[in-house]
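Below you'll find the structure, written out as structure tokens, and then a few comments.
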Amino acid sequence: MLILIYFLFFSEGYGRIAQERIYRYNLKPFVEIRRFWMYREQVGLSAFFMNIFGNVIGFIPLGFILPVISRRWRSGFLIVLSGFSLSLCVETIQLVTRVGCFDVDDLILNTAGAAAGYMLFAVCDYLRRRHYGEKI
């Protein structure tokens, strides 16, 4: 969680510098995703990977850990909703503090990460129940 907070708000390598703080936002879905895909050779593999897969990977633990912590969070809908809500809070904080950019594509990728984490939990839970039964 601390690493995620660092990258989202403080990392100078990802545009979190205090020089010219202006409101930056993208409200059109898939614009940044498409741009990073089309210009992946120009922006570099690491920038492409961090933007596309970093947003997804960053929220996988949320989708996996919430159902482990509490039975109340064992609904895929609740996990996707919580992933979207947390991502919306992060993006709004980035917009208001002018650190980073409010990007609807990040909302999509982060929510997909939470959903992927829940799917990973569901598979692990199914395999656990199949092998050990309901007692564990």
Side-chain angles (χ1 to χ4, degrees):
M1 213 45 180
L2 292 174
I3 293 170
L4 188 61
I5 290 170
Y6 171 75
F7 281 120
L8 291 173
F9 299 110
F10 302 110
S11 174
E12 291 181 8
Y14 294 100
R16 312 316 189 229
I17 53 178
Q19 290 175 343
E20 184 181 332
R21 289 192 172 183
I22 58 173
Y23 290 112
R24 296 183 308 157
Y25 55 89
N26 167 36
L27 300 177
K28 294 181 184 177
F30 304 106
V31 168
E32 286 297 308
I33 295 171
R34 189 175 323 123
R35 184 175 69 86
F36 270 89
W37 176 255
M38 288 175 52
Y39 299 107
R40 64 188 175 277
E41 293 176 8
Q42 287 86 355
V43 298
L45 186 60
S46 65
F48 170 76
F49 182 82
M50 287 304 293
N51 188 315
I52 303 300
F53 296 107
N55 282 311
V56 174
I57 291 169
F59 274 70
I60 287 175
L62 177 77
F64 187 85
I65 292 172
L66 282 179
V68 170
I69 292 172
S70 173
R71 288 189 181 271
R72 291 181 184 172
W73 290 96
R74 297 219 171 151
S75 163
F77 176 75
L78 283 178
I79 297 300
V80 169
L81 184 63
S82 67
F84 177 80
S85 299
L86 180 61
S87 180
L88 182 61
C89 287
V90 166
E91 294 296 320
T92 303
I93 290 169
Q94 285 181 338
L95 178 68
V96 170
T97 60
R98 299 176 191 171
V99 175
C101 175
F102 182 97
D103 190 356
V104 71
D105 291 345
D106 289 349
L107 287 171
I108 294 167
L109 293 169
N110 294 343
T111 304
Y118 179 76
M119 286 188 276
L120 183 63
F121 164 79
V123 168
C124 291
D125 190 50
Y126 170 78
L127 294 174
R128 178 192 60 84
R129 290 175 187 270
R130 188 169 163 214
H131 189 267
Y132 293 106
E134 293 291 327
K135 290 191 176 194
I136 289 184

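Position 1 is the first residue of the sequence, and the numbers go up from there. Predicted model only: the values in this text are computed from it and were never measured.
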Check: [X] side chain, [Y] main-chain N or O, donor-acceptor pair, under 3.5 Å:
X: Y118; Y: R74; result: yes
X: S82; Y: L78; result: yes
X: N51; Y: A47; result: no

Starting from [Y], can I reach [X] by hopping between I/L/V/M/F/W/Y residues whose side chains sit under 4.5 Å apart?
X: Y25; Y: V31; result: no
X: L127; Y: M119; result: no
X: F48; Y: I57; result: yes
X: V80; Y: L62; result: no
X: L81; Y: L66; result: no

ask   = Between E91, R24, K28, which is the residue that forms a side chain to side chain contact (heavy atoms under 4.5 Å, CB included) with D103?
value =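 Going through E91, R24, K28 one by one, the side chain to side chain contact (heavy atoms under 4.5 Å, CB included) with D103 is satisfied by E91 alone.
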
What are the two closest heavy atoms between [X] and [Y], and how far apart are they?
X: L109; Y: N55; result: CB-CB, 3.6 Å
X: S87; Y: N110; result: OG-ND2, 2.8 Å
X: F121; Y: G63; result: CB-O, 4.3 Å
X: A114; Y: G83; result: CB-CA, 3.8 Å

Is the closest side-chain heavy-atom distance between [X] and [Y] below 4.5 Å?
X: F102; Y: V96; result: no
X: I108; Y: D105; result: yes
X: L86; Y: F59; result: yes

ask   = Think R40 forms a cation-pi with W37, using NZ or CZ under 6.0 Å from the six-ring centre and within 45 degrees of its axis?
value =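 Output yes; distance and angle both within limits.
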
query = Around atom CD of Q42, are there more than 12 heavy atoms of other residues, nucleotides or ligands at under 6.0 Å?
reply =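 Buried by this count: over 12 neighbours within 6.0 Å.
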
query = How many angstroms lie between CG in D125 and CZ in F64, if you round to the nearest 0.5 Å?
reply =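 Reported value, rounded in 0.5 Å steps: 9.0 Å.
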
ask   = For the atom pair CG (D106) and OG1 (T111), what is the distance rounded to the nearest 0.5 Å?
value =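 Going from CG on D106 over to OG1 on T111, the span is 10.0 Å.
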
